[in-house]
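I have placed the structure first, in the form of structure tokens, so that the comments after it can refer back to it.
Numbers for residues simply follow the sequence, beginning at 1.
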Amino acid sequence: MNKRVSSQMAKLPVLGKGHDFSIGQLYLVDTIAGDPEALQADAETYYEKLVKKSLSTPDVFSIPGGGEVKLEDSCVCFVPLYRNNPACKLLLLTDPKDKETVLAVYLSQRWWPVEDVVKTADPSRDGLILVQTIGERIVLFVLNCIIFGMLEGSSANDAFFLPHSATECAKILWRNGEAAAFYSIKMKGSLCDGTTSQCYLLPVLDTIFVRRKYRRGGLGMKMLHDFCQSFLAEDALGISCPISAAMYQVCQKFLQAHLEEQKRLWEVEAPGDWSQRVNIWLKIQMESPPSRKAEVGSCMEKTPTSKPRQSDMDQMNKGVEYFPGVGKVAGVATEKKDDITAARTLNSQGPEGEDLEQGAGSAQQNKGLRKRPGPGDLAGDKASKQFKATP
């Protein structure tokens, strides 16, 4: 008889000083610490045992809500955690019936259901919090590449987005004990990409996403305001182009409420020279926002209708396995339409119903964009899973 992997959270044994939450269920972001390489080494050891069928641990994963999946080589794959570091990977469990559906992430010697990865038991983790720890980086990855890139991405938009870089400045918006949204920034002075010496000439809102169940709650406005307040000393702030129709509606509502920001917000192409900027408020006044057909762009980082740069294609081909950011994710939302992907694509149905679907895209940054892969692309080539082939 198959053993079963419990999806219940581990109980908190003894709380260390400084913890602001009481004894109860602990989630990944509350417990994980240490070197990412050590975490990957642990996953590789587990995978080797799985391949050799020598596991002493349960060989069946219980899906939250019912059902179970047998743990075997064909259902797991390694994917890059960071865009600029293909050697740092996470081990994912996919649905054997639909390889584009991610069920769980393997970390700290256990499988974590996707929905549990973005939860927290710490009541102090509330509102917008800067991404700093490895646990928060993993949450950002899951929001960006799994929830947005796979589950909540528009089926009409056959594109996916690469993970953020290891040093990407980003904030996660926590609400009701879980990650509800995020946005990322290209800092002034940071390199535009790995193939040029050009640097951003101003801070740029690069990606923004609000999970489906939290849309129409003003979170897009909240993150845009936080972005502006974070750079009060700057005369100009950017939002990567092309900006989607939904994002334009969010910007219009925001600028109507914050007149002082009308001269500061610009739609920009990297690196953001004056010849690459258009004042957003002026553009709103001079012309109507893009049609809904164009709203599926990538608010800042990529444009679904654009082709990826050759340099990015080459980068992706260097690793053994890369994570296709589109598909479905069991029980989770992703970063694309409806309320907030404000920096990649925003699909809004009116100022009050902001639909940010990763909508602040930059034509110059269409780096992670590709056609939606087939089911076999997520699992990757069998041979490529062997650790001796892993870079």
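Residues passing the salt bridge (Lys or Arg N to Asp or Glu O under 4.0 Å) test with E178 are R211, K213, sequence neighbours excluded. Every residue two or more places apart in sequence or in another chain was checked for a salt bridge (Lys or Arg N to Asp or Glu O under 4.0 Å) with E72, and none qualifies. For R264, the side chain to side chain donor-acceptor pair (under 3.5 Å) partners at least two apart in sequence or on another chain are E261. Looking at residues two or more places apart in sequence or on another chain, you find no salt bridge (Lys or Arg N to Asp or Glu O under 4.0 Å) involving D126. For Q285, there are no side chain to side chain donor-acceptor pair (under 3.5 Å) partners two or more places apart in sequence or in a different chain.
Although no hydrogens or angles enter the test, the distance criterion places a donor-acceptor pair under 3.5 Å between the side chain of T94 and the main chain of C75. Listed for the N279 side chain is a donor-acceptor partner under 3.5 Å among the backbone atoms of Q262. Judged purely by atom type and a 3.5 angstrom limit, E234 has no side-chain atom pairing as donor or acceptor with the backbone of P203. A side-chain donor-acceptor contact under 3.5 Å links E136 to the backbone of Q132. Remark: the backbone N or O of Y27 is not paired with any side-chain donor or acceptor of D116 at under 3.5 angstrom. Panel note: side chain D42, backbone Q109; a donor-acceptor pair is recorded below 3.5 Å. Judged purely by atom type and a 3.5 angstrom limit, R175 has no side-chain atom pairing as donor or acceptor with the backbone of G127.
Smallest separation of non-hydrogen atoms from S230 and Y183: OG-OH, 4.2 Å. Taking all atoms of both residues into account, the shortest heavy-atom contact from C192 to Y200 is CA-CE1, 3.5 Å. What you find for W112 and L26 is that their closest heavy atoms are CZ3-O, 4.1 Å. Listed here is the closest heavy atom pair of V29 and G135: CG2-C, 3.9 Å. Counting all heavy atoms, side chain and backbone alike, G238 lies closest to L202 at N-CD1, 3.6 Å. The minimum heavy-atom distance between A180 and L219, with the atom names listed, is CB-CD1, 4.2 Å.
Atom-to-atom distance recorded for W174:CH2 and K119:NZ is 11.5 Å, nearest 0.5 angstrom. In this structure, CG on L107 lies 8.5 Å from CG on L91, to the nearest 0.5 angstrom. Taking CG from L81 and CD1 from I134, the interatomic distance works out to 5.5 Å, rounded to the nearest 0.5 Å. Here I172 contributes atom CD1 and L130 contributes atom CG; the two are 9.5 Å apart, rounded to the nearest 0.5 Å. For the atom pair CG (L224) and SG (C251), the distance works out to 5.5 Å, reported to the nearest 0.5 Å. Once rounded to the nearest 0.5 Å, the distance linking CG of D235 with CH2 of W266 reads 11.0 Å.
Within the 4.5 Å cutoff, side-chain heavy atoms of C228 are placed close to those of L237. In this structure, I185 and V204 have side chains that are not in contact, with every pair of non-hydrogen atoms separated by 4.5 Å or more. Between I280 and I243, the closest side-chain pair of non-hydrogen atoms falls below 4.5 Å. For the pair Y214/N176, a side-chain contact is recorded, criterion being any heavy-atom separation below 4.5 Å from C-beta on. Side-chain contact check for T101 versus L103: some heavy-atom pair is nearer than 4.5 Å. Looking at heavy atoms from C-beta onward, L201 lies out of side-chain contact with C199 at the 4.5 angstrom threshold. Using a 4.5 Å heavy-atom threshold, the side chains of M223 and L128 count as touching. Q40 places a side-chain heavy atom less than 4.5 Å from the side chain of C88.
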Q249/K253 under side chain to side chain contact (heavy atoms under 4.5 Å, CB included): CA gap, chis, key distance, verdict:
CA-CA 6 Å; Q249 294 192 31; K253 184 179 179 182; over 6 Å; no
Could you walk me through whether V69 and V60 pass the side chain to side chain contact (heavy atoms under 4.5 Å, CB included) check?
CA-CA 6 Å; V69 172; V60 171; over 6 Å; no
Quick one, K89 with E44, criterion salt bridge (Lys or Arg N to Asp or Glu O under 4.0 Å). Give me CA distance, side-chain angles, the key distance, then yes/no.
CA-CA 10 Å; K89 295 180 172 68; E44 290 178 351; over 6 Å; no
Under the side chain to side chain contact (heavy atoms under 4.5 Å, CB included) criterion, do L143 and V118 qualify, and how do the steps go?
CA-CA 8 Å; L143 285 173; V118 295; 4.2 Å; yes
Intermediate values then yes/no, side chain to side chain contact (heavy atoms under 4.5 Å, CB included), H164 and T207
CA-CA 10 Å; H164 293 95; T207 63; 3.1 Å; yes
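Counting only residues at least two apart or in different chains, salt bridge (charged side-chain N to carboxylate O under 4.0 Å, His left out) contacts with residues 271-281 are absent.
For Y82 and F141, the ring centers sit 6.0 Å or farther from each other. Taking the six-membered ring for Trp and the full ring otherwise, F254 and W281 have centroids separated by 6.0 Å or more.
At most 12 heavy atoms of other shown residues, nucleotides or ligands fall within 6.0 angstrom of atom CD in E37.
Under a hydrophobic clustering in which Ile, Leu, Val, Met, Phe, Trp and Tyr are joined whenever their side-chain heavy atoms come within less than 4.5 Å, directly or via other members, W274 and V268 fall into the same cluster.
For the pair R125 and D30, the salt-bridge criterion is met [side-chain N within less than 4.0 Å of a carboxylate O]. Salt-bridge annotation for D226 and K171: present, with a side-chain N of the basic residue lying under 4.0 Å from a carboxylate O of the acidic one.
Side-chain contact, S165 with E168: a donor N or O sits under 3.5 Å from an acceptor N or O. Side chains of T120 and D122: no donor on one and acceptor on the other come within 3.5 Å.
Aromatic ring pairs are classed by plane angle as parallel below 30°, tilted from 30° to 60° and perpendicular above 60°; the pair W111 and Y106 is perpendicular.
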